[in-house]
Amino acid sequence: MAKVAINLATGAIQQDELIVGIDLGTTNSLVAYVHPETRQPAAINDLGRGVLVPSVIHFPPDGSSPLVGSEAKDFLLSDPAHTIYSVKRLLGKSYRDLAGHAGELGYKVIDDDIEGLVKVRVGERFYSPIELSADILRELRQRAEHALKTPVRRAVITVPAYFNDSQRQATRDAGRLAGLEVLRIVNEPTAAALAYGLGLDPEETKTRAKTVAVYDLGGGTFDVSILRLHQGIFEVLSTHGDTWLGGDDMDRAVVNFWQEKFQLSPDFQRVPGLQQQLRLAAEMAKRYLSQHDDFTTQLLDQADNVTVVTLTRAEFDELIEPLIQRTLAACRQALADAGLVIGSQLSVASEKKGPALTTDNQQLITKLDAVLLVGGSTRVPRVYEAVSAFFGQPANNSLNPDEVVALGAAVQADILAGNRRDVLLLDVTPLTLGIETLGGLLDPIIPRNSKIPTRAGRQYTTSVDGQVNLKISVYQGERDLVSENRKLGEFVLSGIPAMPAGLPKIDVNFSLNADGILRVEAVELRSGTRQDVEIKPQYGLTDNQVEQMLMDSLTHAQQDVAARLLIEARTAAEQLLYQVGRFLTKNADLLSAAETAATEAKAAELRQTLTATARDLILQQMDALDELTRPFAERVMNESIQRAMAGKRIG
Ligand code: AMP
C-alpha cells in the first residue's frame with residue numbers, strides 16, 4: 001500500500017507571528033490571544049481599560065478621527081446622530097432585510113436603495129457597515145498591538161451561526177479593511193465550545209459524537225445552537241433565536257415596572273438625561289440582583305426631587321419570565337430541528353398530557369454532552385436555572401460569558417498558527433484533491449467543499465504493455481491542468497506484474513481524515529501489489545492563496561476547458577495510434593497489403609494533426625481511422641486490446 005501524508009491546513013503557518021481571536025459583537029467586542037508561554041487563552045486588556053470594547057463609534061463633528069469604545073459610548077446620548085452602535089445588525093444587509101427595525105436606531109440608515117446593502121449617514125458622509133465594523137476591528141487590533149507589543153496582522157473573527165454568506169463576507173471584508181488577514185470566520189457557538197476545550201481532542205469524539213447546546217443571551221440578541229462534534233469536526237445542527245431580544249429588554253422591563261410602581265414623573269420618559277439615568281439604574285439593579293436579593297437606589301428628577309426605587313430578586317424574576325420563556329421556545333425549536341428529544345422533557349410533556357414529542361426521525365437522548373452559557377445576560381441566576389431545568393442538566397458557566405467566544409476564537413487562531421499540530425479543525429476541504437492523468441490533466445477525486453472526513457477512490461489502468469511502474473502524483477486545486485495546480489506529492493507504485501496495457505486494475509483511494517491528513521493508497525488488484533511511500537507533510541495554504549486559486553479557476557475556466565478537451569483528444573488519439581500500431585505488427589499476416597497501407601496512411605495523417613491545436617480535426621481523423629480499421633479489428637482484436645481502449649490511464 002502506498003501512502004502519502006499531507007497536511008492540508010489552510011491557515012497561514014508562521015509560528016513566530018501571533019494570530020488573535022476577535023469577537024465582533026453587537027454590544028461589545030473583544031480581542032483575545034493564546035499566551036505563548038502559559039498556552040492559555042486570555043482576553044486582552046490594554047491600558048487597564050477593561051477587556052470589553054463597546055461596539056460604538058463616534059464621529060467628532062470637527063472631522064477628526066473616530067472614537068471607538070467607551071469614549072464613543074459617552075456620546076450615545078449627547079450626540080446620537082454622530083454615534084453609531086449595533087452596526088453588526090446592519091452587516092451584509094439591505095434596508096429591506098432590516099424589516100422596519102432601522103427606525104429604532106439612533107442614527108440615520110439610508111433608505112434610497114432598499115435592495116442594496118445599507119449605508120449609514122453621519123453628517124455629510126456615508127459609511128457602509130463594513131467600514132464601520134472595520135473601525136471597531138482597527139481599534140481592537142491597535143489595542144492588541146499595544147498590549148502585546150507586537151504587530152498583529154492576522155485574526156480569526158467570530159460570527160453568529162445564523163449569519164449568511166453575505167454577512168460572513170462582509171465580516172471578512174471589514175477585517176481586511178482594518179488591515180487584518182482574516183484566516184477564518186468561526187461560528188460563535190463553535191468558538192464557545194472550543195473555549196471549553198470541547199472537540200480539541202478528535203480522539204475523544206472518534207467513536208461517539210458529542211452533542212452540545214450553546215445558549216447565547218447578550219445585550220440585544222439571543223441565539224441558541226445545537227452543535228455536533230465528531231472527530232474534530234463541528235457541525236451546527238440547528239440554530240434559532242431572536243435578534244431583537246436580550247439584556248436590554250430586561251432593563252426596559254425594570255424601567256416600566258418602576259415607572260408604574262413608583263409613579264415616576266413623565267419626565268423620565270421624555271428628557272434624555274433622565275431617561276438615561278433611569279435606564280442605567282435599571283441595568284445596575286439587574287446586575288446587582290445577580291449577586292444579591294434586594295436592590296435600592298434613589299432617582300433625582302429635574303427639580304431634584306428624590307424617589308427611592310427598589311427591586312427584589314423575586315420581582316425581577318417575574319418581570320423577565322416572559323423573556324426567558326421566549327428563549328426556551330427557541331431552544332425547543334432548535335432541539336426539534338436537530339432531531340433530538342431529551343428524555344426529561346418527554347416525561348414533562350406526558351405528565352402535562354402534552355402531545356407525543358418523538359417521531360420516527362427524532363432521536364431520544366437522556367441528556368446533552370454539555371450546555372454552554374454565553375453572553376452577559378446569562379449571569380442572571382434565573383436564566384441559569386431556567387436553562388438548566390429546560391435541558392435537564394446543569395448548564396456550564398465556569399468561563400466568563402462575555403469572554404468565552406473571543407477565547408475560543410483565540411484557540412482557533414492558535415490552531416491555525418500551527419501551535420497545536422495535534423488538532424486541525426477543518427469542516428470542508430477548501431480545494432479539490434486529485435491525481436494527474438495522461439496528458440497532464442487533473443482527475444478530481446475529492447471535490448472541493450466535501451465534508452471531512454471523507455473517502456473516495458477510482459480505478460485506473462496502465463497505458464503501455466508490460467508497464468510495471470505507475471507514478472501517482474497528487475494535486476490540489478481547481479484548474480484542469482495539473483501544471484496550474486499545487487502539487488502535494490507523488491509516489492511510484494512499483495512491482496506491477498507485466499501485463500498488456502489496460503489489464504492491471506489499480507485502485508487509488510483518497511481518505512481525508514478529521515485532522516486534515518490525506519492518505520493516498522494505491523493497490524493493483526490482480527496481483528495485490530501494494531507499496532508504502534511517505535511524503536513529508538507540507539505547510540498549508542493561506543486563505544488568500546486558496547481564494548486566489550479559486551479566482552484563477554474562474555478566470556481561466558473557458559480556457560481550461562478548451563485545454564482539457566484538446567489534451568483529452570490528443571491522449572485518446574495517441575492511445576488509438578498505439579493500439580493501431582500494435583495491431584498492425586501483431587496481425588501483419590492477417591491483413592492485405594492494401595489494408596495495411598491505407599491504415600498506415602490514415603495513422604500518419606492523425607500523427608501529424610496531433611501537434612496542432614485543432615481538436616475537431618483530431619477527432620475527425622480518429623473517427624476516420626477507427627472506421628477504416630474497425631472491420632479488420634473486429635476480426636482479430638483480442639480482448640486485451642478491447643479493454644486497453646476503454647478506461648482511463650495515468651501514464
Ligand atoms: P453582551 O452582549 O454579551 O456583552 O451582554 C451584555 C449584556 O449582559 C447587557 O445587557 C448587560 O446588562 C448584561 N450583563 C452583564 N453583566 C451582567 C450581570 N452581572 N447580571 C445581569 N446581566 C448582566
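Side chains are part of it too, since the values below use all heavy atoms of this structure and drop only hydrogens, waters and symmetry mates. Computed from a prediction, not measured in an experiment: that's the story for all the values here. Whatever order the structure lists them in is the order used to number ligands and atoms, beginning at 1.
The existence of a salt bridge linking Arg176 and Glu131 is excluded, since no basic side-chain nitrogen approaches an acidic carboxylate oxygen closer than 4.0 Å.
Taking the side chain as every heavy atom from C-beta outward, Thr297 and Val309 approach each other to under 4.5 Å.
Open room surrounds NE2 on His146; 12 or fewer heavy atoms of other groups in view lie less than 6.0 Å from it.
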Return a table of donor-acceptor pairs under 3.5 angstrom between the side chains of residues 219-229 and protein atoms on other chains or two or more places apart.
{"unit_1": "Ser225", "atom_1": "OG", "unit_2": "Thr239", "atom_2": "OG1", "d": "3.2"}

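Counting only residues at least two apart or in different chains, ring-ring contact (aromatic ring centres under 6.0 Å, His included) contacts with residues 370-391 are absent. Among pairs with a residue in residues 255-265, those fulfilling side-chain hydrogen bond (donor to acceptor under 3.5 Å, both in side chains) read Lys261-Glu315, at least two apart in sequence or across chains.
Within 4.0 Å of ligand 1, contacts by protein heavy atoms are made from Thr27, Asn28, Gly218, Gly219, Gly247, Glu283, Lys286, Arg287, Ser290, Gly375, Gly376, Ser377, Arg379, Val380, Asp402.
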